[in-house]
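Beneath this line is the structure, given in structure tokens, with notes to follow.
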Amino acid sequence: MAEIRVLIVEDDPFIAMDIESAVAEQLGDAAELIVVESVAQARRAAAGQLSCALLDIDVIDGKTFEVADALQKTGIPFAFVSGSAPHEVPKPLRQARFLRKPFSTREVAAFVMAAIGSLAPKRIA
């Protein structure tokens with residue numbers, strides 16, 4: 001298993017490929033990218049070891065707020081990548097990074113690199 005694991009929750013396959021490509025360009029083979037399209041799949045993936053996550057808000061079977069809450073409680077960095085408005089995010093989750101669609105792949109890559117960088121001291125300890 002790769003040391004860096006990035007969860008991507010996106011139900012549009014073309015957008016998922018854009019996000020996956022942006023992350024892979026930065027991390028190459030150093031990372032495992034877990035791409036899922038539903039809340040149920042995201043819940044299962046989030047139960048495992050993750051470095052960070054990129055969450056669309058509205059996916060096939062609902063909204064990803066429950067997954068975001070679980071990630072926040074375990075200290076896993078995440079960002080919403082969504083066409084929804086930031087004010088639609090529940091107040092307890094509003095401090096999360098919000099990348100509005102259409103997003104810049106540079107923004108996505110920068111978030112992932114910063115999130116992984118924030119984990120470096122934890123790995124050393």
Considering all heavy atoms of both residues, which atom of P77 and which atom of A115 are nearest to each other, and what is their separation? CB-CB, 3.7 Å
Straight-line distance of L54 CG to R97 CZ, nearest 0.5 Å: 10.5 Å
Is the closest side-chain heavy-atom distance between T74 and L50 below 4.5 Å? no
Identify the two heavy atoms, one from F111 and one from A53, that lie closest to each other, and give their separation to 0.1 Å. CE2-O, 3.7 Å
Q41 side chain to S38 main-chain N or O, any donor-acceptor pair under 3.5 Å? yes
Taking atom CD of E88 as the centre, report whether more than 12 heavy atoms of other residues, nucleotides or ligands fall under 6.0 Å from it. yes
Taking the side chain as every heavy atom from C-beta outward, state whether F98 and V89 have any pair of such atoms under 4.5 Å apart. yes
For L27 and M113, work out which heavy atoms get closest and say how close. CD2-SD, 3.5 Å
Would you call I8 and E20 a side-chain contact if the rule is heavy atoms closer than 4.5 Å? yes
Can you list the steps and then say if R100 with V81 is a side chain to side chain contact (heavy atoms under 4.5 Å, CB included)? CA-CA 6 Å; R100 188 96 187 236; V81 182; over 6 Å; no
Side-chain (R5) to main-chain (E32) donor-acceptor, under 3.5 angstrom: no
Which heavy atom in R43 sits nearest to a heavy atom in E66, and how many Å separate them? NE-OE2, 2.7 Å
Strictly by salt bridge (Lys or Arg N to Asp or Glu O under 4.0 Å), give each pair with a member in residues 73-83 just once, sequence neighbours left out. D69-K73
Between Q72 (side chain only) and P92 (backbone N and O only), is there a donor and an acceptor less than 3.5 Å apart? yes
Test item: F65 and L55 side chains (from C-beta on) under 4.5 Å apart, heavy atoms: no
Any salt bridge between K101 and E10, counting N to O under 4.0 Å? yes
Please name the pair of heavy atoms, one in I116 and one in S51, separated by the smallest distance, quoted to 0.1 Å. CG1-CB, 4.4 Å
Just so I know, are the side chains of V59 and V39 near enough to count as touching, which here means a heavy-atom distance under 4.5 Å? yes
Using every non-hydrogen atom in the two residues, find where C52 and I76 come nearest and quote the distance to one decimal. CA-CG2, 3.8 Å
Is there a path of hydrophobic side-chain contacts, each under 4.5 Å between heavy atoms, that joins I60 and I15? no
Please step through side chain to side chain contact (heavy atoms under 4.5 Å, CB included) for the pair F78 and T64, ending with a clear verdict. CA-CA 11 Å; F78 68 93; T64 58; over 6 Å; no
Any link between M17 and V23 through a network of hydrophobic side chains (Ile, Leu, Val, Met, Phe, Trp, Tyr) touching at under 4.5 Å? no
E107 side chain to F103 main-chain N or O, any donor-acceptor pair under 3.5 Å? no
Side chains of L7 and V36: closer than 4.5 Å at any heavy-atom pair? yes
Please confirm whether the backbone N or O of S82 pairs with a side-chain atom of D56, one donor and one acceptor, at under 3.5 Å? no
Using the side chain to side chain donor-acceptor pair (under 3.5 Å) rule, take S84 and D58 through it: C-alpha gap first, then chi angles, then the decisive distance, then the call. CA-CA 8 Å; S84 299; D58 292 297; 3.1 Å; yes
